[in-house]
Amino acid sequence: MSLNNDSILKLVKLTDTNLHVLDIYSERKRGVTSQVIEATLSYPLTHCPHCHSKALIRNGYRLAHAKLPSINGDPIRLLVHKQRYLCHTCGHTCGARSSNLKFNHTLTPGVAQQTIKLAKQSLAGTTIAALTGISNTSAARIINAEVHRPYRLKKLPENLCFDEFRSTGKHMSFICCDTDSHRLVVTLPGRLSEEIIDYFESRYSLTERQTVKSVVVDLNAQYCHFIHRLFLNAKTSIDRFHIIQLIGRALDTERLRVLHGIEDHKSRLYKVLKSQWKLLHKDQNELNASKPVFLRGINEFMTQQNAVDLALSADSRLASAYQTYQALLTDIRGHQAKALGRLLNTYQPIHSAMDTAITSFKKNDEAVLNSCRLSYSNGPIEGINRKIKTLKRIGYGFRNLTSFFNRIALIRE
């Protein structure tokens with residue numbers, strides 16, 4: 001084999017020494033220009049694969065086409081002249097075969113490897129097809145054949161995260177991952193309780209499920225109802241971000257109630273409630289109470305603490321909701337489970353949106369308190385959901401649920 005021939009084969013990831021390059025040229029078909037590598041495939045064959053006779057003679061060549069991995073987005077095709085052999089004993093014919101070319105396949109293993117590599121980068125199917133020089137259907141077939149989602153994990157992780165995401169159309173699906181390693185445990189087509197219960201009970205024994213120590217969930221009430229049934233020794237914990245988000249929305253509801261009741265839209269109170277709402281969500285210990293700054297919207301120099309005091313002076317319900325929000329924020333950030341428990345037990349309703357949030361916490365008080373006792377959060381699974389949303393946006397959505405789950409499994413490898 002010449003050095004030139006060897007270099008060309010290495011460039012297109014062909015390792016078969018029986019391939020010999022004859023020519024390289026450009027060809028344009030259906031508006032697409034591709035590079036064509038013309039080669040021969042021949043080697044000595046001593047025995048007939050059918051009758052094992054040695055009475056074999058060469059019997060011409062058979063032309064075969066194959067697609068190679070593209071370089072810089074340009075399609076590369078392999079035009080192979082395969083040696084044919086004729087057996088004088090049984091009359092059968094056979095042809096030369098190569099480890100780099102699948103029998104009766106036009107796509108080489110290199111194309112499949114390139115397709116999987118691009119799919120792991122969350123590219124759309126049409127983009128993958130364009131870069132590899134194959135059809136969108138072929139790209140999807142390669143991906144679905146490559147991905148083998150396990151029936152179950154060998155060992156159930158000790159700490160789990162539960163969440164849901166929008167899969168195909170308006171359909172919501174369930175997702176679970178390992179809190180420690182961020183490994184994907186399962187994605188289920190539905191998020192109903194009976195589907196989740198059936199999956200874990202049918203695939204994992206009671207002994208295996210008893211090894212789970214904690215499960216982190218969002219404020220979806222259905223999870224807290226069946227987690228103890230599935231994992232007897234697990235502690236349910238509500239994600240701290242969702243707790244703060246719920247009380248933050250309750251505080252915003254009270255702020256908007258006061259804001260909409262002000263008729264003079266040019267008053268200082270209206271301006272501070274409308275433009276400086278982020279100061280109400282800020283930790284009160286981090287507010288600047290000494291240095292005046294120019295606050296846009298109010299267009300005045302004042303301290304952040306003065307702006308908050310001005311906003312709270314308008315309504316006692318808003319001020320009470322703000323104090324509750326700050327107390328909850330301090331307890332959660334400081335992991336003060338006892339102080340949080342006292343706050344929930346001694347809370348007095350003020351007929352505001354904060355009452356509804358506190359009532360939700362009381363219904364799941366043990367899970368809320370565990371959010372302070374345990375250090376785990378739903379951050380790992382929210383990161384996975386972010387990648388899933390990016391995949392959906394780049395691919396303009398998915399219609400086939402199986403293909404979508406296979407793509408999710410690839411981006412998590």
Side-chain angles (χ1 to χ4, degrees), residues 218-220 238-337 339-362 368 371-372 377-379 382-383 385-386 389-390 393:
D218 55 14
L219 288 169
N220 192 332
I238 294 180
D239 184 48
R240 291 179 291 275
F241 169 79
H242 289 88
I243 296 176
I244 297 176
Q245 185 185 55
L246 182 60
I247 59 176
R249 287 176 177 174
L251 179 62
D252 268 337
T253 301
E254 290 302 307
R255 178 185 63 86
L256 292 174
R257 178 185 60 80
V258 177
L259 181 68
H260 294 159
I262 301 175
E263 297 181 357
D264 186 6
H265 291 184
K266 295 183 179 180
S267 64
R268 297 173 71 234
L269 178 60
Y270 182 88
K271 290 179 180 179
V272 73
L273 286 173
K274 184 175 179 63
S275 63
Q276 300 301 321
W277 59 272
K278 290 184 179 179
L279 293 179
L280 297 177
H281 292 265
K282 192 174 183 179
D283 192 338
Q284 59 184 0
N285 297 322
E286 299 175 1
L287 291 175
N288 191 342
S290 58
K291 183 179 179 180
V293 294
F294 184 78
L295 298 180
R296 296 186 180 274
I298 309 176
N299 297 330
E300 292 183 19
F301 280 93
M302 66 172 62
T303 64
Q304 292 180 341
Q305 186 64 57
N306 288 341
V308 172
D309 292 340
L310 177 61
L312 299 180
S313 63
D315 189 83
S316 59
R317 283 170 52 184
L318 176 61
S320 178
Y322 175 78
Q323 295 302 326
T324 304
Y325 171 84
Q326 290 295 333
L328 281 166
L329 188 64
T330 302
D331 294 341
I332 291 173
R333 287 185 173 180
H335 295 274
Q336 302 174 15
L340 180 58
R342 287 195 300 268
L343 177 62
L344 296 179
N345 293 329
T346 59
Y347 178 80
Q348 298 297 326
I350 56 176
H351 305 288
S352 67
M354 191 63 70
D355 297 350
T356 306
I358 299 299
T359 302
S360 300
F361 296 154
K362 287 183 177 181
V368 173
S371 65
C372 295
S377 71
N378 251 8
E382 294 294 345
N385 284 345
R386 178 61 180 173
K389 291 178 182 178
T390 302
R393 184 176 67 253

Between Asp239 (side chain) and Asn378 (backbone), is there a donor-acceptor pair under 3.5 Å? yes
What are the two closest non-hydrogen atoms of Ser290 and Thr303, and how far apart are they? C-CG2, 3.9 Å
Residue Glu263 excluded, over 12 heavy atoms near CD under 6.0 Å: no
Please report the shortest heavy-atom distance between Ser371 and Arg240, naming the atom on each side. O-NH1, 2.7 Å
Can you tell me how far CG of Leu312 sits from CG of Leu269, rounded to the nearest 0.5 angstrom? 10.0 Å
What's the verdict on side chain to side chain contact (heavy atoms under 4.5 Å, CB included) for Ile298 and Ser275, showing C-alpha distance, side-chain angles and the deciding distance? CA-CA 7 Å; Ile298 309 176; Ser275 63; 4.0 Å; yes
Compare all side-chain heavy atoms of Asp218 with those of Phe241 and state whether any distance is below 4.5 angstrom. no
Straight-line distance of Leu251 CG to Ser352 OG, nearest 0.5 Å: 9.5 Å
Nearest non-hydrogen partners of Tyr325 and Leu280, listed with the distance: CE2-O, 3.7 Å
Assess whether salt bridge (Lys or Arg N to Asp or Glu O under 4.0 Å) is satisfied between Glu300 and Lys271, documenting all intermediate values. CA-CA 11 Å; Glu300 292 183 19; Lys271 290 179 180 179; over 6 Å; no
When every non-hydrogen atom of Ile350 is compared with those of Ala321, the smallest separation belongs to CD1-N, 4.0 Å
So His265 and Tyr270, would you call those rings parallel, tilted or perpendicular, with 30° and 60° as cut-offs? parallel
Under 3.5 Å, side chain of Asp315 to main-chain N/O of Leu318, donor-acceptor pair present? yes
Report yes if the side chains of Phe294 and Asn299 come closer than 4.5 Å at any heavy-atom pair, otherwise no. yes
Rounded to the nearest 0.5 Å, what separates atom CZ in Arg317 from atom CZ in Arg255? 15.0 Å
Does any N or O in the side chain of Asp355 come within less than 3.5 Å of the main-chain N or O of His351, such that one atom is a donor and the other an acceptor? yes
Passing option when Asp331 is tested against Gln336, Gln326, Arg342 for side-chain contact (heavy atoms from CB on, under 4.5 Å): Gln336
Atom CG of Leu310 and atom CD of Gln276: how far apart are they, to the nearest 0.5 Å? 10.5 Å
Would you say Tyr347's side chain and Ile358's backbone share a donor-acceptor pair under 3.5 angstrom? no
CG on Leu340 to CZ on Phe361, rounded to 0.5 Å: 8.5 Å
For Ala250 versus Ala357, what's the shortest heavy-atom pair and its separation? CB-CB, 4.4 Å
Regarding Asp252 and Arg249, does a basic nitrogen lie under 4.0 Å from an acidic carboxylate oxygen? no
Kindly determine whether Glu254 and Met354 satisfy side chain to side chain contact (heavy atoms under 4.5 Å, CB included), including the steps that lead there. CA-CA 8 Å; Glu254 290 302 307; Met354 191 63 70; 5.8 Å; no
So does Leu344 get a backbone contact from the side chain of Lys362, meaning a donor-acceptor N/O pair under 3.5 Å? yes
Indicate yes or no for a side-chain donor-acceptor contact from Gln304 to the backbone of Asn288 under 3.5 Å, with no hydrogens or angles considered. yes
Whether Ser320 side chain and Ser316 backbone form a donor-acceptor pair below 3.5 Å: no
Test side chain to side chain contact (heavy atoms under 4.5 Å, CB included) on Thr324 and Ile247; report intermediate values, then the result. CA-CA 9 Å; Thr324 304; Ile247 59 176; over 6 Å; no
Over all heavy atoms of both residues, which pair between Leu219 and His242 is shortest? Give the atoms and the distance, please. CD1-O, 3.5 Å
Walk me through it: do Leu329 and Arg333 pass the test side chain to side chain contact (heavy atoms under 4.5 Å, CB included)? CA-CA 6 Å; Leu329 188 64; Arg333 287 185 173 180; 3.6 Å; yes
Between Gln284 (side chain) and Tyr322 (backbone), is there a donor-acceptor pair under 3.5 Å? no
State the CG-OG distance between Asn306 and Ser313, to the nearest 0.5 angstrom. 11.0 Å
Please examine the side chains of Ile244 and Leu328, heavy atoms only from C-beta on, and report whether any two atoms are closer than 4.5 Å. no
